[in-house]
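What you are looking at is a predicted structure, and each value in this text was computed from that prediction instead of being measured. Note that these values count all heavy atoms, side chains included, but never hydrogens, waters or copies made by symmetry. Order of listing sets the numbers, starting from 1, for every ligand and every atom in it. Throughout, numbering of the chain's residues begins at 1 and tracks the sequence.
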Amino acid sequence: MILAAMPKVMIVYYSRTGTTRKLAEALAGRLNADVVEIRCDRYKGGIFRYLRAGYDSVKGNLPPIKMPETDLTAYDLVLLGAPIWTSYPALPLRAFLAAKPDLPGRVGMFLTSGGHSPQEKAVAEAEALLNAPLAATLAVQEKDVKEGNFSDAMVGFVEEVVPGGGAA
Ligand SMILES: Cc1cc2nc3c(=O)[nH]c(=O)nc-3n(C[C@H](O)[C@H](O)[C@H](O)COP(=O)(O)O)c2cc1C
């Protein structure tokens, strides 16, 4: 019997308060993926950092970030994760994409949000920065991530990016 090799998947994500991290870790478990976090100190902390994030996001002020050092082209698929900020992907992910990292041909994206913004604007922004369409997208509301109520959406997304490939 010939078994199709599982694609090598890398998850690159940013999370300010842990919600997107929880989704990233669930996806990694499902896809047996490697994970790397985009680090950005500028928005760590309380209300003033929150307000700064909102202001910078509207203005498009990209923050300094710590770029992942892994060779992402060694993967078949990269999944990018971020919260939605002012309808766009959070600035640290925008900064990552603006740095024009070398990526494989297939890139998907997952987003978390407070629930008051649809994903379209964030997806369009990511595709513009990538200069390529995303293979698949997933958007989950923060409260559903926190309550662990995202398994159906996640399984659908995994099936799109790796047909028949997600661990049960
Ligand atoms: C600066 C800022 C702007 C935000 N803007 C939006 C928004 O436009 N629409 C929305 O639905 N949620 C918005 N949110 C809520 C986050 O998307 C949501 O809390 C997210 O799940 C947080 O993810 P994290 O815990 O991984 O940082 C915003 C949060 C922040 C900090």
Side-chain angles (χ1 to χ4, degrees), residues 9-31 33-70 72 75 77-99 101 103 107-130 134-158 160-161 166:
V9 183
M10 167 62 92
I11 293 176
V12 178
Y13 77 95
Y14 168 76
S15 179
R16 196 181 84 93
T17 50
T19 311
T20 312
R21 178 176 305 118
K22 185 171 171 187
L23 186 54
E25 285 168 357
L27 279 164
R30 192 95 200 172
L31 287 164
D34 293 335
V35 182
V36 64
E37 182 175 0
I38 297 169
R39 304 252 173 210
C40 174
D41 289 339
R42 183 179 284 181
Y43 308 115
K44 273 188 189 163
I47 184 68
F48 292 108
R49 298 302 181 103
Y50 174 96
L51 294 172
R52 183 172 191 179
Y55 176 83
D56 280 356
S57 185
V58 170
K59 294 279 181 192
N61 293 336
L62 298 180
I65 58 163
K66 179 153 180 0
M67 285 295 279
E69 285 166 13
T70 318
L72 300 175
Y75 291 83
L77 169 71
V78 167
L79 298 179
L80 305 170
I84 290 180
W85 285 2
T86 67
S87 296
Y88 295 108
L91 284 165
L93 183 69
R94 286 163 70 184
F96 168 75
L97 290 174
L103 292 167
V107 177
M109 185 166 74
F110 57 97
L111 297 158
T112 70
S113 79
H116 48 280
S117 297
Q119 62 169 315
E120 282 73 14
K121 219 166 153 180
V123 168
E125 174 72 6
E127 289 181 332
L129 287 165
L130 268 172
L134 291 159
T137 61
L138 169 68
V140 184
Q141 292 190 17
E142 181 175 17
K143 71 171 174 33
D144 289 332
V145 177
K146 288 194 168 144
E147 291 165 8
N149 189 19
F150 57 87
S151 143
D152 287 354
M154 181 175 75
V155 168
F157 175 68
V158 163
E160 265 190 89
V161 287

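With sequence neighbours excluded, the residues forming a side chain to side chain contact (heavy atoms under 4.5 Å, CB included) with K44 are D41, listed by chain and number.
There is a side-chain donor-acceptor pair under 3.5 Å between Y13 and E37. Residues T20 and T112 have side chains that bring a donor and an acceptor to within less than 3.5 angstrom of each other.
Of the charged side-chain nitrogens involved, none lies within less than 4.0 Å of a carboxylate oxygen, so that E125 and K121 do not count as a salt-bridged pair.
Within 4.0 Å of ligand 1, heavy atoms belong to protein residues S15, R16, T17, G18, T19, T20, Y50, A53, G54, P83, I84, W85, T86, S87, T112, S113, G114, G115, H116, S117, E142.
Put simply, the side chain of R52 never gets that close to the backbone of I47: no donor and acceptor are under 3.5 Å apart.
Between atom CZ of residue F96 and atom CG of residue L72 there is a gap of 5.5 Å, rounded to the nearest 0.5 Å.
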